[in-house]
There are 2 protein chains.
Amino acid sequence: MSSEQSQKITNPEILSTSVKDSKKNGDKKQDKKSKLQVSLKTPKGTKDWADSDMVIREAIFSTLSSLFKRHGAVTIDTPVFELREILAGKYGEDSKLIYNLEDQGGELSSLRYDLTVPFARYVAMNNIQNIKRYHIAKVYRRDQPAMTKGRMREFYQCDIDFAGSYESMVPDAEILSILVEGLTSLGIKDFKVKLNHRKILDGIFQISGVAKEDVRKISSAVDKLDKLPWDAVKKEITVEKGQSEETANKIGEYVKLNGTLQEVYDLLSKDEAIINNEMAKQGLDDIKTLMNYVESFDINKYISFDLSLARGLDYYTGLIYEAITEASAPPENAQELKKKAKSSDDASEYVGVGSIAAGGRYDNLVNMFAQASGKKAAQIPCVGVSFGVERLFSLIKQRTHLTEKIKPIATQVIVMAFGGGKDWTGFLPERMKVAKQLWNAGIEAEYVYKSKVNPRKQFEAAEKCGASLAVILGKEEYAEGKLRIKRLGPEFADDDGELVDSENIVDAVKVKLTEVHKDGIDDVARLLKDL
Amino acid sequence: MSSEQSQKITNPEILSTSVKDSKKNGDKKQDKKSKLQVSLKTPKGTKDWADSDMVIREAIFSTLSSLFKRHGAVTIDTPVFELREILAGKYGEDSKLIYNLEDQGGELSSLRYDLTVPFARYVAMNNIQNIKRYHIAKVYRRDQPAMTKGRMREFYQCDIDFAGSYESMVPDAEILSILVEGLTSLGIKDFKVKLNHRKILDGIFQISGVAKEDVRKISSAVDKLDKLPWDAVKKEITVEKGQSEETANKIGEYVKLNGTLQEVYDLLSKDEAIINNEMAKQGLDDIKTLMNYVESFDINKYISFDLSLARGLDYYTGLIYEAITEASAPPENAQELKKKAKSSDDASEYVGVGSIAAGGRYDNLVNMFAQASGKKAAQIPCVGVSFGVERLFSLIKQRTHLTEKIKPIATQVIVMAFGGGKDWTGFLPERMKVAKQLWNAGIEAEYVYKSKVNPRKQFEAAEKCGASLAVILGKEEYAEGKLRIKRLGPEFADDDGELVDSENIVDAVKVKLTEVHKDGIDDVARLLKDL
């Protein structure tokens with residue numbers, strides 16, 4: 001259902017191709033009609049979801065929301081668009097990716113870029129002192145899409161955030177545990193959680209001689225190390241962002257460090273420059289505290305302390321982390337693929353899935369809103385993590401055998417009528433009556449929308465909707481107040497089922513259905529975990 | 001959480017008030033800061049959802065989606081914005097209410113106005129011959145909001161539509177049954193389904209002497225009869241829309257007719273003008289067929305055949321209907337209230353909730369897209385109904401006692417530690433270990449994010465999150481490998497609980513929880529039905 005599959009034939013310049021296409025499906029009126037034409041597609045970077053994809057995605061949602069509830073979180077829902085000023089100055093260089101609504105009179109608004117800033121706005125607006133909230137909703141970024149890798153312009157995020165003043169690193173550790181629990185409960189095992197601390201990073205920049213006002217832009221250069229080699233990043237730091245060769249080299253020495261929390265901690269705590277830098281020292285103390293809790297949650301083995309992790313967003317103030325898998329990184333030959341690629345639209349070939357979940361601590365964002373709105377400034381420290389559903393989906397979808405196991409239609413019973421002869425009405429109103437009884441009892445039931453329909457057509461319909469049971473109105477049997485219940489499926493081909501009194505049909509169906517396995521979201525969620 | 005509650009202090013003209021406000025909460029820097037200020041609110045006509053409201057809304061969703069599944073529907077998800085040309089010319093006079101995205105380079109897009117047009121686009125784009133689909137999602141209309149009545153600019157619709165060529169009125173009757181089942185399953189009983197047929201209505205306009213090209217605009221004038229008296233509508237027909245006095249009077253005679261399907265059918269089928277008008281006659285035959293099926297579904301008593309119902313949207317071609325309750329109509333003194341009202345923002349006082357669910361048949365919409373895109377034209381007839389969640393919510397919310405019954409936090413277990421003395425550590429890492437065991441077993445558990453915390457604080461936390469069970473790490477008991485399980489709540493005040501071996505804690509908790517009633521969405525859904 002992705003927009004790639006649809007035909008695009010509005011733009012005059014590609015009308016020629018469209019005419020070819022349409023000649024294929026034999027439409028001769030093409031050229032006459034062309035000026036009226038609309039392109040039958042979804043906007044770039046968006047897609048329709050349907051069929052088993054939809055079931056898998058709902059299973060991801062239900063898995064994550066029950067995880068979030070398990071940790072005591074409540075859910076909220078904020079509008080898809082916010083006042084533009086709310087989003088302003090929160091996303092650094094990526095602010096250019098924000099979708100604006102047209103000025104049609106009234107307030108200037110923009111589509112939300114993430115769920116974090118709306119959450120901070122919500123907390124500040126309602127003077128909330130502490131809350132654990134989760135939010136599963138769509139966000140919008142005018143980025144270069146790579147659909148097959150789950151890099152979209154409209155995509156879902158599943159966020160959980162803890163707001164409130166708590167003992168250092170305690171909520172942070174639980175959020176990290178939630179990150180690990182979330183991915184493993186989705187059957188993703190080959191992942192690594194890259195972790196760093198903004199205060200350590202900023203300390204390193206200070207030590208290396210970066211001026212305070214340059215820190216964030218150098219930080220976002222370093223952030224590109226997951227996509228670019230050090231030489232390219234160094235060039236950006238020196239040539240584009242005007243830092244000295246020496247500064248760049250110093251940064252280079254630090255950011256190549258990574259290992260377990262313990263390893264990197266030991267290394268840094270022996271580094272005079274670090275422990276003499278107030279900010280870096282604070283960060284390092286946090287890490288020491290964290291190690292203790294991470295052990296309680298037994299998630300040490302997933303974490304890699306990586307000084308090259310910077311995260312683009314401006315608002316992080318402490319711990320930052322992102323989960324990556326094999327698929328996250330761009331392929332070896334990404335650069336040359338990029339050159340070869342005909343259209344920039346199809347970036348799928350030369351980008352990775354990217355991080356599948358990410359987050360960090362942001363202690364000043366709520367405060368920022370409180371102050372800017374003239375409220376009494378109140379610092380509400382926050383920490384959270386965001387799961388990227390489309391990216392997770394594209395990983396899960398690779399387990400091809402999954403899709404076959406899924407039944408998108410819930411129908412359990414099909415109501416049929418068998419009869420014949422010239423007085424045969426087809427029992428349509430009668431089938432409707434029976435279906436209505438089943439619906440009222442909460443049973444999923446269908447019937448063929450046709451007065452007279454032969455048995456074959458009705459069995460075909462049963463197969464299409466995957467019904468496991470048939471309730472049959474036989475011409476004579478029904479006249480005698482009897483209905484026939486029959487199990488469906490090849491293994492029951494020779495089973496004629498059983499006759500029951502019409503008034504007992506609902507109970508009889510309920511009993512039979514207990515024999516049948518029902519595929520619900522929960523079953524699919526279980527499938528995900530085990531694959 | 002509605003935006004009304006938030007303080008709005010950007011606009012200079014009301015800065016004075018904002019200064020007053022802030023003086024109240026003692027912020028003296030107000031005047032200096034005012035130019036930096038952002039207004040801490042959601043855009044007009046939107047709101048945040050939280051707490052028990054959120055639980056109630058999710059219960060509405062789960063009630064309706066299980067209803068839709070019961071009728072064999074699958075769900076799809078389309079983007080929040082569509083190419084602008086897709087929405088163009090579908091909504092008659094209301095097209096002015098569409099939200100456009102700013103032109104930031106690339107395609108021109110707009111936020112979806114409903115879920116019907118995107119559905120038709122989806123069906124045409126994928127050459128789908130038949131589908132029963134439901135879709136629960138937000139839509140956007142730049143309308144005059146009346147928040148307390150559930151009239152929003154961003155609001156949820158729950159739609160089910162049947163696409164495909166079927167025997168006349170069969171899917172239509174089932175959709176009507178779904179409409180009735182949906183409202184009753186939400187505990188709404190005092191509703192009426194107004195029903196009419198576009199072909200009968202258009203026939204009436206023909207008979208009354210309205211020119212073909214004027215039919216739709218006269219239709220949308222008649223559509224206002226639920227809000228305006230006939231004289232006002234007549235004025236619009238004659239003065240504004242240039243029809244003759246005689247034409248208007250003729251229309252007036254017909255549109256005042258309403259009653260049961262049978263009553264109005266009998267009346268019309270005796271009307272020479274009607275039965276001699278081809279279109280009206282077709283509509284009348286449909287009604288005759290419908291009456292038979294509506295009886296099978298036993299929903300006759302809810303339906304009122306009302307010739308004044310016109311529905312604004314352009315794309316309807318057959319049956320049209322909308323469900324209304326007492327609360328739907330504007331209050332008697334609406335007009336004077338309107339005059340009195342200080343700001344047009346607060347329309348709540350002088351408008352009704354409006355229709356709580358509505359829909360109809362649209363047989364040409366898919367075809368329109370297919371043709372316009374140069375595909376081989378394929379007529380895919382459609383019929384559907386849309387439930388207005390916010391309006392339903394505002395009715396349900398009036399059952400005040402509902403909210404108290406709801407527990408937004410799912411937490412079942414709180415992990416505590418009791419101890420003392422100067423060597424007392426508070427067992428924080430130990431509490432974390434136990435919580436982690438419970439989470440891994442799928443049990444909702446919390447603990448206080450503090451190393452040393454006294455029993456009172458921990459019991460307060462337990463009450464706040466509504467935990468029904470406490471797992472207690474006693475200083476001595478834990479040393480001996482024992483944990484204490486205790487039921488919470490006043491009736492268990494004197495119950496010290498029982499000691500269990502640490503390694504058996506998960507099973508022990510599971511057993512204890514079976515004794516406890518768990519409030520889930522399903523329970524709330526059941527609440528809705530019974531109230």
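Residue numbering restarts at 1 for every chain, and letters A, B, ... go by the order of the sequence lines.
- Using cut-offs of 30° and 60° for the angle between ring planes, the Phe162(A) and Tyr449(B) rings count as parallel.
- Heavy atoms of Leu438(B) lying under 4.5 Å from chain A are absent altogether.
- Phe369(B) is linked by a ring-ring contact (aromatic ring centres under 6.0 Å, His included) to nothing, counting only residues two or more places apart in sequence or in another chain.
- To the nearest 0.5 Å, the span separating CZ on Phe81(B) from CG on Leu101(A) amounts to 10.5 Å.
- With a 4.5 Å cut-off on non-hydrogen atoms, Tyr447(B) touches chain A through its side chain but not through its backbone.
- Rounded to the nearest 0.5 Å, atoms OG (Ser66(B)) and CD (Glu444(A)) are 8.5 Å apart.
- Residues Arg133(A) and Met54(B) form no side-chain contact, since every pair of their non-hydrogen atoms from C-beta on lies 4.5 Å or further apart.
- Remark: Phe427(B) pairs with Trp424(B), Tyr478(B) by the ring-ring contact (aromatic ring centres under 6.0 Å, His included) rule, at least two apart or across chains.
- The side-chain heavy atoms of Ile409(B) and Lys132(A), taken from C-beta on, include no pair separated by under 4.5 Å.
- In the model, Ser110(B) has no side-chain atom that pairs as donor or acceptor with a side-chain atom of Glu102(A) under 3.5 Å.
- With a 4.5 Å cut-off on non-hydrogen atoms, Ile131(B) does not touch chain A at all.
- When only modelled atom types and interatomic distance are considered, Thr46(A) and Glu82(B) share no side-chain donor-acceptor pair under 3.5 Å.
- Both the backbone and the side chain of Lys433(B) come within contact range of chain A, each with at least one heavy atom under 4.5 Å from a heavy atom of that chain.
- Side-chain contact between Ser39(B) and Glu85(A) is present, with heavy atoms from C-beta onward closer than 4.5 Å.
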